[in-house]
Amino acid sequence: MANFYTDNTDLKHHLTHPLMRKIVELKERNYTDAEKFDYAPLDFDDAMDSYEKVLEIAGEISAEIVAPNAEDVDHEGPHVVDGHVVYAQGTQKNLDALVKAGLMGISLPRRYNGLNFSIVPYIMAADMVSRADAGFVNIWGLQDCAETIYEFADEDQKMRYLPRVCAGETMAMDLTEPDAGSDLQAVMLKARFNEADGTWRLNGVKRFITNGDGNIALVLARSEEGSKDGRGLSMFIYDRNDGGVTVRRIENKMGIKGSPTCELVFKNAKAELCGSRKLGLIKYVMALMNGARLGIAAQSVGVSEAAYREAIAYARDRKQFGKAIIEFPAVAEMISNIKMKLDASRSLLYECTRFVDMYKTYEDIARERTLTPEERAEMKKYSRYADAFTPLAKGMGSEYCNQNAYDCVQVHGGSGFMKDYACERIYRDARITSIYEGTTQLQVVAAIRHVTTGTYLNKIEEYNAETYAPQFDALKAKLVAMTELYRAAVASVTESHNTEYLDFQARRLVEMAGHIIMGYLLLGDATRNDSFAKSAANYIRFGEAEVKKHSEYIANFDIESLADYRQA
């Protein structure tokens, strides 16, 4: 029986990272939940055993149900009936299987019927589901919305909504509008308080809403009449059971066709204020988007995994000129490049996820008791690292996802252009990852301040201070040399005191940091498990060339030339 967890030993490697012990102990409050819940773990080994069992179930469902349904779902897609979404038959079967297995609400506390897992196994499940069908993870994986309710809603709202998510109801985040895409400050959906019945009512249109007809939605709306910026926006919870929202249409997309992307019409729809007024964009959406971006990073890695598996299987099977095409250097290089980018982006994904786990768990503990000075310092440190690594993981992971899907089709040659092969669907599904939940360009905007403030350089120096297996000394020396080029490039750009020039070079600087960080992460992986040695060597050589290229471009760039890029 196929299983997407047990057939991929890289997942267990990341699940058993040394930091996981501390994450689990904090998450489980030293295992005190065992006194209240019979399914709570007694110790670390018990917790890890639970993680593995659940991941095996998720891996089995991904391989045996979701993946076989993917092609039919892609062809059928969802449709609208009487103003509401009806999923493709395969999508509904997928969802039913995951609900029956109890895989909803993985990271939510047990008091709301969740499993109280670390975010790492949740992201790992998303990684596997994405490998099976990238579109379906957008329906199952929107549990990040539930995390936002848990963090910011009042206790009554948590008790009413979170158990429903754990029981299998789906969610949506209704942010984008026809005139408010990346610029969410322009959101104009109106929220008005009705004094007569003491409820908020929503009116307007939302567009490009993933799983827009979900059971429960978080809606960004303008609550302050006369306002025009982000300070006039609040977050609301909309319950589909209350009515008032209809699906005008489902977008006809290039890929992820099983995921309904909806245009919604709100007509006096009843809603509840979530958290405080005026903080919808400033606080709540920022937290929601960071969670969503981590989810897209996981989706990107899952699609990269699918691309790698399809490419290597085809290259081993397809024969030309009397031998398998994988024996030709050009094809072998493409597959090696897919694998190294997959391994690098996965290592970055789980490093970022551990950082998120640490700071969010400390934040949760802070709701129960006062943190010690040491705990508060740790929380701030991991919060900063999570803030820095999330746009890096989403930005570079999604770009690698696109490159890997492209190369997968190229390995297949003319066959890859045909719908007979899964790589054609994978290629279409991959394209959205570098666009939604913030384009790669917006990830650079989020990441560049961690270049200028030294967050990335400080973390690189921490990685450099770690101990690696001696056989990797030459690779480490390359990373040290790359770091010096990066340091010089950052100094060159920032010392110009030219904001436009910094914006122009930002992507190059962010990518330089990313190459070095992923190189060190792969060195650490290879030290713990020599199966990563080849990817570490290949990626560091690749990163070295990229860092040198960016370094030379920056060093030789004449700032006066910026004028040439201001017009097409």
Side-chain angles (χ1 to χ4, degrees), residues 73 77-109 112-115 122 126 129 135-154 156-176 189 199-202 206 208-221 235-250 258-274 284 288 291-292 295:
V73 167
H79 53 282
V80 179
V81 175
D82 296 329
H84 291 287
V85 170
V86 176
Y87 293 135
Q89 293 181 54
T91 299
Q92 191 60 57
K93 289 176 183 177
N94 298 342
L95 192 58
D96 291 345
L98 286 168
V99 171
K100 184 178 180 180
L103 295 180
M104 309 297 282
I106 286 180
S107 61
L108 292 173
Y112 304 116
N113 300 332
L115 296 179
Y122 163 59
V129 172
F136 179 63
V137 82
N138 285 347
I139 298 170
W140 172 77
L142 278 168
Q143 296 171 60
D144 287 323
C145 298
E147 291 286 343
T148 301
I149 290 177
Y150 174 64
E151 287 185 36
F152 302 115
D154 62 38
D156 174 63
Q157 290 170 326
K158 293 177 190 178
M159 289 302 300
R160 284 187 290 116
Y161 290 112
L162 297 183
R164 289 171 56 183
V165 175
C166 294
E169 294 194 25
T170 64
M171 297 199 68
M173 50 180 181
D174 300 358
L175 308 180
T176 310
L189 186 93
T199 63
W200 286 89
R201 299 286 171 169
L202 306 178
K206 291 287 184 182
F208 293 156
I209 306 304
T210 300
N211 197 41
D213 201 29
N215 301 95
I216 304 162
L218 291 173
V219 185
L220 184 65
M235 181 72 79
F236 295 87
I237 303 173
Y238 165 73
D239 184 344
R240 193 175 69 187
N241 293 331
D242 291 329
V245 178
T246 55
V247 179
R248 178 182 284 171
R249 65 172 181 153
I250 296 175
S259 167
T261 303
C262 305
E263 183 168 306
L264 307 174
V265 179
F266 289 73
K267 290 185 178 179
N268 221 30
K270 179 183 175 183
E272 302 176 36
L273 181 67
C274 180
Y284 309 139
L288 180 61

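Note that these values count all heavy atoms, side chains included, but never hydrogens, waters or copies made by symmetry.
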Work out which heavy atom in [X] is nearest to a heavy atom in [Y]; give both atom names and the distance.
| X | Y | value |
| --- | --- | --- |
| Cys262 | Gly212 | SG-N, 3.7 Å |
| Ile139 | Gly258 | CD1-O, 3.9 Å |
| Gly244 | Ala269 | O-CB, 3.7 Å |
| Ala217 | Asp174 | CB-OD2, 3.7 Å |
| Leu202 | Ala271 | CD1-CB, 3.6 Å |
| Phe136 | Leu95 | CZ-N, 3.6 Å |

Indicate every side-chain donor-acceptor pair of residues 156-172 with a distance under 3.5 Å to a residue at least two apart or in another chain.
residue	atom	partner	partner atom	Å
Asp156	OD2	Arg160	NE	2.9
Asp156	OD2	Arg160	NH2	3.1
Gln157	OE1	Asp154	N	3.1
Gln157	NE2	Glu272	OE1	3.1
Gln157	NE2	Leu273	O	2.9
Lys158	NZ	Tyr150	O	3.0
Arg160	NH1	Glu272	OE2	2.9
Arg160	NH2	Glu272	OE1	2.7
Arg160	NH2	Glu272	OE2	3.3
Tyr161	OH	Glu272	OE2	2.6
Arg164	NE	Glu169	OE1	3.1
Arg164	NE	Glu169	OE2	3.2
Arg164	NH1	Asp239	OD2	2.8
Arg164	NH2	Glu169	OE1	2.8
Arg164	NH2	Asp239	OD1	3.1
Thr170	OG1	Asn211	ND2	3.3
Thr170	OG1	Asn215	OD1	3.3

My understanding is that only residues two or more places apart in sequence, or in another chain, count here; which of them pass side chain to side chain donor-acceptor pair (under 3.5 Å) with [X]?
| X | value |
| --- | --- |
| Gln89 | none |
| His84 | Asp213 |
| Asn113 | none |

Requested in this report: Evaluate the criterion side chain to side chain contact (heavy atoms under 4.5 Å, CB included) for residue pair Leu218 and Ile237; output intermediate values, then yes/no.
Outcome: CA-CA 5 Å; Leu218 291 173; Ile237 303 173; 3.9 Å; yes
Roughly how far, to the nearest 0.5 Å, is the [atom2] atom of [Y] from the [atom1] atom of [X]?
| X | Y | atom1 | atom2 | value |
| --- | --- | --- | --- | --- |
| Asn268 | Arg201 | CG | CZ | 5.5 Å |
| Ile209 | Ile250 | CD1 | CD1 | 13.0 Å |
| Tyr238 | Lys270 | OH | NZ | 11.5 Å |
| Leu175 | Leu288 | CG | CG | 6.0 Å |

Query raised in the report: Quick one: are Leu264 and Val247 in side-chain contact, heavy atoms under 4.5 Å?
Result: yes
Query - Sub-4.5 Å side-chain heavy-atom contact between Asn94 and Tyr87 - result: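 The answer is no; the side chains never approach within 4.5 Å.
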**Report entry** Any donor-acceptor N/O pair, Trp140 side chain to Val129 backbone, under 3.5 Å
**Finding:**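 Not confirmed, Trp140 side chain does not pair with Val129 backbone.
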Query raised in the report: Any donor-acceptor pair under 3.5 Å linking the side chain of Lys206 with the backbone of Leu220?
Result: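 Yes: the side chain of Lys206 pairs with the backbone of Leu220.
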Query raised in the report: Yes or no on side chain to side chain contact (heavy atoms under 4.5 Å, CB included) for Met173 and Thr148, after CA distance, side-chain angles and deciding distance?
Result: CA-CA 10 Å; Met173 50 180 181; Thr148 301; over 6 Å; no
Query - Working for side-chain hydrogen bond (donor to acceptor under 3.5 Å, both in side chains), residues Thr246 and Arg248 - result: CA-CA 6 Å; Thr246 55; Arg248 178 182 284 171; over 6 Å; no
**Report entry** All pairs passing salt bridge (Lys or Arg N to Asp or Glu O under 4.0 Å) where residues 80-91 contributes a residue, at least two apart
**Finding:** none
Query raised in the report: So Glu147 and Leu108, side chain to side chain contact (heavy atoms under 4.5 Å, CB included) or not? Walk me through it.
Result: CA-CA 7 Å; Glu147 291 286 343; Leu108 292 173; 4.0 Å; yes
Query raised in the report: Passes side chain to side chain contact (heavy atoms under 4.5 Å, CB included), Ile216 versus Cys145? Steps please.
Result: CA-CA 9 Å; Ile216 304 162; Cys145 298; over 6 Å; no
**Report entry** Residues that Tyr284 engages under ring pair (Phe, Tyr, Trp, His ring centres under 6.0 Å), provided they are two or more places apart
**Finding:** Phe152
